[in-house]
Novice: 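Quick one: the structure is below, and I'll ask about it shortly.
Letters A, B, ... mirror the listed sequences (proteins, then strands); counts begin at 1.
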Protein chains: 2
Amino acid sequence: MNDTQAMEEAVEVLQQLGLKEYEARCFVGLSRLRAGTAKQLADLTEVPRTRVYDAIRMLEAQGLVEIQHSSPQQFRSVPLQEATETLRDQYEARVDRLHDALTTIEVVEKEDDAPIQQVWAMSGYVAIENRAIDLMEEAREEVVLVIGDESLVTDELLACVNDIPAGVEVLLGAVSNDLERELRRNVSGATTFVSGLEWLVGEGVEHREVAIGRLLLVDRSAILVSSIMPDTGSEQAIFGEGFGNGLVVIARRLMAQGLVRGKDPAS
Amino acid sequence: MNDTQAMEEAVEVLQQLGLKEYEARCFVGLSRLRAGTAKQLADLTEVPRTRVYDAIRMLEAQGLVEIQHSSPQQFRSVPLQEATETLRDQYEARVDRLHDALTTIEVVEKEDDAPIQQVWAMSGYVAIENRAIDLMEEAREEVVLVIGDESLVTDELLACVNDIPAGVEVLLGAVSNDLERELRRNVSGATTFVSGLEWLVGEGVEHREVAIGRLLLVDRSAILVSSIMPDTGSEQAIFGEGFGNGLVVIARRLMAQGLVRGKDPAS
DNA sequence: AATTCTGTCACCCGTATAATCACAAAAATG
DNA sequence: CATTTTTGTGATTATACGGGTGACAGAATT
């Protein structure tokens, strides 16, 4: 990666982490200056000199830079190691506070009527993976998991699959030979197979370039199907649970036919 | 904690974590509703109904809520466990990206002239603790640490002190008997003592209510002194290094007199 | 058929933040 | 010592974003 690119990247990320633009630019500036005055920083980062002071003060308050009160003042950034550690701590504290606050109010409001057909949509790679892991951890009899893209095979996922107790039957599918080999190499106690999932993309219908993400069926009563969007590359999923759930019923059908047929066990 | 308090707290923290107010309120609302429509959410959270949709979309994109595309749409939040996990992952990823970006540009700009007296100021409890730990980890001969307030005795700090290799002499001071006992109970391989640090607050000068935070001297060549501000309760520190550093020189003097005198070892 | 509900848009407005300017004290220069 | 540059603070303007409100068409309900 190019230096200027990297700097922009860093500024961007710092802003996502809650810093203002000037603050971010100043911090990045100090990262390559080791130590500097307001003027030097202003020249390097193109932050208006008179605004550098405010930005630095904010950064100092957050424990990210140090100030030497000489004349002219000198600024320098905390070592990268310390900075990331500080940010991390800050964040952990926040997440904990959130967790505490929310658990004290998890008082559920009226659990009323019919648990009808519910199909939920979710998006985002991280959230979907977490949900998938959650589901697998709760499996009591059977887990069927088909992976459509190697980018989805993370350490967490593999660890989770390997942690499934012995009493639970695990069927692990892949859409390509390579991927299946990869899976078999990293997983024990599971039956792996290759599955052409043509039926998923819609047999003969319009058939756009939506790539298959993953397909997870747990105890034949909860299903999660995800796709990789062609344009953005983001992952989108739908998810249903309950034995009577329409989506789950359809999924059971399809699995029985398309998956298990030429292959292995269970009706 | 009261429910409404907890909700406000949660909203606040969520905003610190990067969510907009409406998004935060909606998420908190869904946390106690298990599932709900836009109208229900609007009534509960006082977010304008027409704005609930935008907020939910953002939340969905971040993997924090699920949408059921029925009519009316139903929304529900991801289980708290998953939500915090997702947020944590997101954050880790950002910090990593930051780390990568900054290391690629850590090309130091001109390391020029005289390494004169440098005294740096920093503030914020987390940052100061991190710096203190850093310093102690680099100790090769001697660590002198005086604690002025029990709130500063964290697990990390204790762990760090206990991890100091045997070859390094450790002098651990406290400003009260109780605190010294506490320290001795949790630390091994260190000489503990009680030190009235009157001299730190300025003998007879104005003497405001600045509480002593910590005092750290490593290898007699780096020093960190912190105070607890009377009004805000925040921690502020100054820090100097280099054997010739003025601050360090003074510190050595003071230590030799005020600390070691009536007590223990080393000149 | 009438009414309520649902979802989308377009718009206003206040605040926060980016961006400039004015200025006095301090430092540097000759 | 006089002049010029640098430094730090404060005030001011411009702008973008997010909070807040209303209009409206289609769907659902009565």
Novice: Pairing donors with acceptors under 3.5 angstrom, does anything connect the side chains of Glu129(B) and Thr154(B)?
Specialist: yes

Novice: Would you indicate which nucleotide in dT21(D), dT9(D), dG18(D) comes nearest to any side-chain atom of Lys20(B)?
Specialist: dG18(D)

Novice: What is the distance, rounded to the nearest whole Å, between atom CG of Asp54(A) and atom C1' of dA19(C)?
Specialist: 12 Å

Novice: Kindly list each side-chain donor-acceptor pair under 3.5 angstrom involving residues 43-61 of chain B, sequence neighbours excluded, with atom names and distances?
Specialist:
{"residue": "Thr45(B)", "atom": "OG1", "partner": "Leu41(B)", "partner atom": "O", "Å": "2.8"}
{"residue": "Thr45(B)", "atom": "OG1", "partner": "Val47(B)", "partner atom": "N", "Å": "3.3"}
{"residue": "Glu60(B)", "atom": "OE1", "partner": "Ser123(A)", "partner atom": "OG", "Å": "2.6"}

Novice: Which whole-number value in Å describes the distance from Arg49(A) CZ to dC21(C) C1'?
Specialist: 12 Å

Novice: What's the closest nucleotide to the Arg51(B) side chain, out of dA18(C), dG19(D), dG7(C)?
Specialist: dG19(D)

Novice: How close or far is atom C1' of dG8(D) from atom CG of Leu41(A), stated in whole angstroms?
Specialist: 15 Å

Novice: I need the CD-P distance between Glu46(B) and dT21(D), as an integer number of Å.
Specialist: 11 Å

Novice: Does Leu217(A) reach the side chain of Val146(A), with side-chain heavy atoms less than 4.5 Å apart?
Specialist: no

Novice: Both Gln73(B) and Arg25(A) contact DNA chain C. Which one's nearest nucleotide lies toward the 5' end?
Specialist: Gln73(B)

Novice: Of all the choices, dG8(D), dG19(D), dA23(D), which nucleotide is nearest to the side chain of Tyr22(B) once you look at every atom?
Specialist: dG19(D)

Novice: Taking CD from Gln40(A) and C1' from dT7(D), how many angstroms apart are they, rounded to a whole number?
Specialist: 13 Å

Novice: What is the distance, to the nearest angstrom, from the CD atom on Glu23(B) to the P atom on dG20(D)?
Specialist: 14 Å

Novice: Whether Tyr53(B) contacts dG7(C) is assessed here as follows: a side-chain N or O lying under 4.0 Å from the phosphate OP1 or OP2. Is that the case?
Specialist: yes

Novice: Have a look at Thr37(A) and say if it touches a base, only the backbone sugar-phosphate, or nothing, with a 4.0 Å heavy-atom cut-off.
Specialist: nothing

Novice: Just compare dT9(D), dT21(D), dG8(D) and give me whichever is closest to any side-chain atom of Thr50(A).
Specialist: dT9(D)

Novice: According to salt bridge (Lys or Arg N to Asp or Glu O under 4.0 Å), who are the partners of Glu23(B), at least two apart in sequence or on a separate chain?
Specialist: none

Novice: Regarding Arg57(B), tell me which of base, sugar-phosphate or nothing describes its non-hydrogen contacts under 4.0 Å with the strands shown.
Specialist: sugar-phosphate

Novice: Inspect the contact between Glu92(B) and Arg88(B) and indicate whether a charged nitrogen and a carboxylate oxygen are less than 4.0 angstrom apart.
Specialist: no

Novice: dA19(C), dA22(C), dT21(D): which one has an atom nearest the side-chain heavy atoms of Pro48(B)?
Specialist: dT21(D)

Novice: State whether Lys39(B) places a side-chain N or O below 4.0 Å from either non-bridging phosphate oxygen (OP1 or OP2) of dC5(C).
Specialist: no

Novice: How many whole angstroms separate atom NE2 of His69(A) from atom C1' of dA26(C)?
Specialist: 17 Å

Novice: Check every atom of dG19(D), dG22(D), dG7(C) against the side chain of Glu21(B) and return the nucleotide holding the closest atom.
Specialist: dG19(D)

Novice: Please state how far atom CE in Met58(A) lies from atom P in dA18(C), giving the value in whole angstrom units.
Specialist: 11 Å

